[in-house]
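Heavy-atom basis, side chains included; hydrogens, waters and symmetry copies ignored. As the structure is a computational prediction, the values presented were derived from the model and not from experiment.
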Amino acid sequence: KIDPICITFTLPERYIDILMSSMKSENLKLTVSTENLNSNDNNITKKYPGVLNLLDNSINNATGSISLKGTIANQNNELWPGEFVRVRIIFYNQKNAVLVPLQAVNNGIKGDFVFKIKDNTAILVWIKTGLIYGDYTEVTSVDPKNSISNGDIVATVGQMNLTNSCKVTTVGTDSFN
């Protein structure tokens with residue numbers, strides 16, 4: 001029986017707290033996709049909605065991850081047991097969340113930081129990151145001295161050459177919608 005089909009996957013242990021708190025308030029939704037996996041005709045991205053049913057009661061010490069199990073509707077039998085898929089868990093919907101590109105986030109002695117560009121000056125902003133959405137990560141808190149908000153420009157290339165308050169020249173900007 002492959003409709004519904006069960007999937008098992010792992011999640012890094014850093015998400016255990018948000019996983020547990022999200023599961024208390026509602027059933028977590030999943031999206032399974034076969035994007036870019038050459039598992040269907042013409043490499044078309046297919047997405048399948050599902051729900052999270054079960055999580056293991058221990059963390060795998062060797063991998064630092066927790067095992068999860070979900071159920072996906074598979075009415076047309078397009079998914080097969082053992083097939084590789086990408087799983088996205090929807091923990092919550094955060095309106096007006098501040099997102100920055102993953103490549104803008106740097107690691108330092110005090111934690112994560114980004115360089116905000118304002119008036120052709122690089123400003124170092126210490127941040128705490130949350131969930132990842134595609135190529136972006138959520139900023140959950142910032143240094144109270146310097147803040148970052150949606151619409152701010154952050155450096156994504158050449159951060160190793162930057163220091164706080166140095167002058168920069170921007171070559172181009174991308175925006176996230």
Novice: Can you measure from CD1 (Ile7) to CG (Asn74) and round to the nearest 0.5 angstrom?
Specialist: 11.0 Å

Novice: Over all heavy atoms of both residues, which pair between Pro101 and Val154 is shortest? Give the atoms and the distance, please.
Specialist: CD-CG2, 3.8 Å

Novice: Can you tell me which residue pairs pass the ring pair (Phe, Tyr, Trp, His ring centres under 6.0 Å) test with a partner in residues 104-124, sequence neighbours excluded?
Specialist: Phe113-Phe115, Phe113-Trp126

Novice: Determine, step by step, whether Leu79 and Ile72 satisfy the side-chain contact (heavy atoms from CB on, under 4.5 Å) criterion, reporting the C-alpha distance in whole Å, the side-chain angles of both residues, the deciding distance to 0.1 Å, and the verdict.
Specialist: CA-CA 9 Å; Leu79 297 171; Ile72 307 296; 3.9 Å; yes

Novice: Minimum heavy-atom separation for Gln103 and Gln159, please, with both atom names.
Specialist: O-NE2, 2.7 Å

Novice: Using modelled atom types only, decide if a donor and an acceptor are shared between the side chain of Asp135 and the backbone of Leu102 within a distance under 3.5 Å.
Specialist: no

Novice: Are Leu30 and Ile90 packed together at the side-chain level, in the sense that at least one heavy-atom pair is separated by less than 4.5 angstrom?
Specialist: no

Novice: Can you check side-chain contact (heavy atoms from CB on, under 4.5 Å) on Leu99 and Val139, steps first, answer last?
Specialist: CA-CA 6 Å; Leu99 301 176; Val139 176; over 6 Å; no

Novice: Check the hydrophobic clustering (I, L, V, M, F, W, Y; side-chain heavy atoms under 4.5 Å; chains of links allowed) and say if Met23 and Leu131 are grouped together.
Specialist: yes

Novice: Tell me the closest heavy-atom pair linking Asn150 and Ala97, and the distance in Å.
Specialist: ND2-O, 3.1 Å

Novice: Go through it in stages, so that I can follow the logic: the residues are Phe9 and Val32, the test is side-chain contact (heavy atoms from CB on, under 4.5 Å), and I'd like the CA-CA distance, side-chain angles, deciding distance and then a yes or no.
Specialist: CA-CA 11 Å; Phe9 57 100; Val32 171; over 6 Å; no

Novice: State which residues pass side chain to side chain donor-acceptor pair (under 3.5 Å) with Ser65; sequence neighbours excluded, sorted by chain then number.
Specialist: Thr63

Novice: Are side-chain heavy atoms of Thr129 and Thr140 found at a separation under 4.5 Å?
Specialist: no

Novice: Between Glu83 and Glu78, which heavy-atom pair has the shortest distance, and what is it?
Specialist: OE1-O, 3.8 Å

Novice: Using side chain to side chain donor-acceptor pair (under 3.5 Å) as the criterion, list what pairs up with Thr71, not counting sequence neighbours.
Specialist: Asn53

Novice: Could you tell me the separation between the CZ atom of Arg86 and the OG1 atom of Thr31, rounded to the nearest 0.5 Å?
Specialist: 14.0 Å

Novice: Distance from Asn60 atom CG to Ser67 atom OG, nearest 0.5 Å?
Specialist: 7.0 Å

Novice: Grab the two heavy atoms, one from Leu52 and one from Leu68, that are nearest each other, plus how far apart they are.
Specialist: CD1-CB, 3.8 Å

Novice: Can you get from Met20 to Leu28 by hopping between Ile, Leu, Val, Met, Phe, Trp and Tyr side chains that sit under 4.5 Å apart?
Specialist: yes

Novice: Looking only at the side chains, is there a donor atom on one of Thr121 and Lys167 sitting less than 3.5 Å from an acceptor on the other?
Specialist: yes

Novice: If I take atom CG from residue Leu19 and atom CZ from residue Phe91, how far apart are they, to the nearest 0.5 angstrom?
Specialist: 5.0 Å

Novice: Indicate yes or no for a side-chain donor-acceptor contact from Glu13 to the backbone of Asn61 under 3.5 Å, with no hydrogens or angles considered.
Specialist: no

Novice: Which value, rounded to the nearest 0.5 Å, describes the distance between Ile123 atom CD1 and Lys118 atom NZ?
Specialist: 6.0 Å

Novice: With sequence neighbours excluded, what pairs up with Lys69 under the side chain to side chain contact (heavy atoms under 4.5 Å, CB included) test?
Specialist: Cys6, Thr8, Leu54

Novice: Under the side chain to side chain donor-acceptor pair (under 3.5 Å) rule, collect the residues that match up with Thr10, sequence neighbours excluded.
Specialist: none

Novice: Please tell me whether Val85 and Ile132 are part of a single hydrophobic cluster in this structure, the criterion being side-chain heavy atoms less than 4.5 Å apart.
Specialist: yes

Novice: Val105 versus Ile127: any side-chain heavy-atom pair under 4.5 Å?
Specialist: yes

Novice: Looking only at heavy atoms, which two atoms of Ile66 and Asp56 are closest? And how far apart?
Specialist: CD1-O, 3.4 Å

Novice: What's the separation between atom CD in Glu138 and atom NZ in Lys128, rounded to the nearest 0.5 Å?
Specialist: 13.5 Å

Novice: List for me each residue that meets side chain to side chain donor-acceptor pair (under 3.5 Å) alongside Asn107, sequence neighbours excluded, and say none if there are none.
Specialist: Asp112

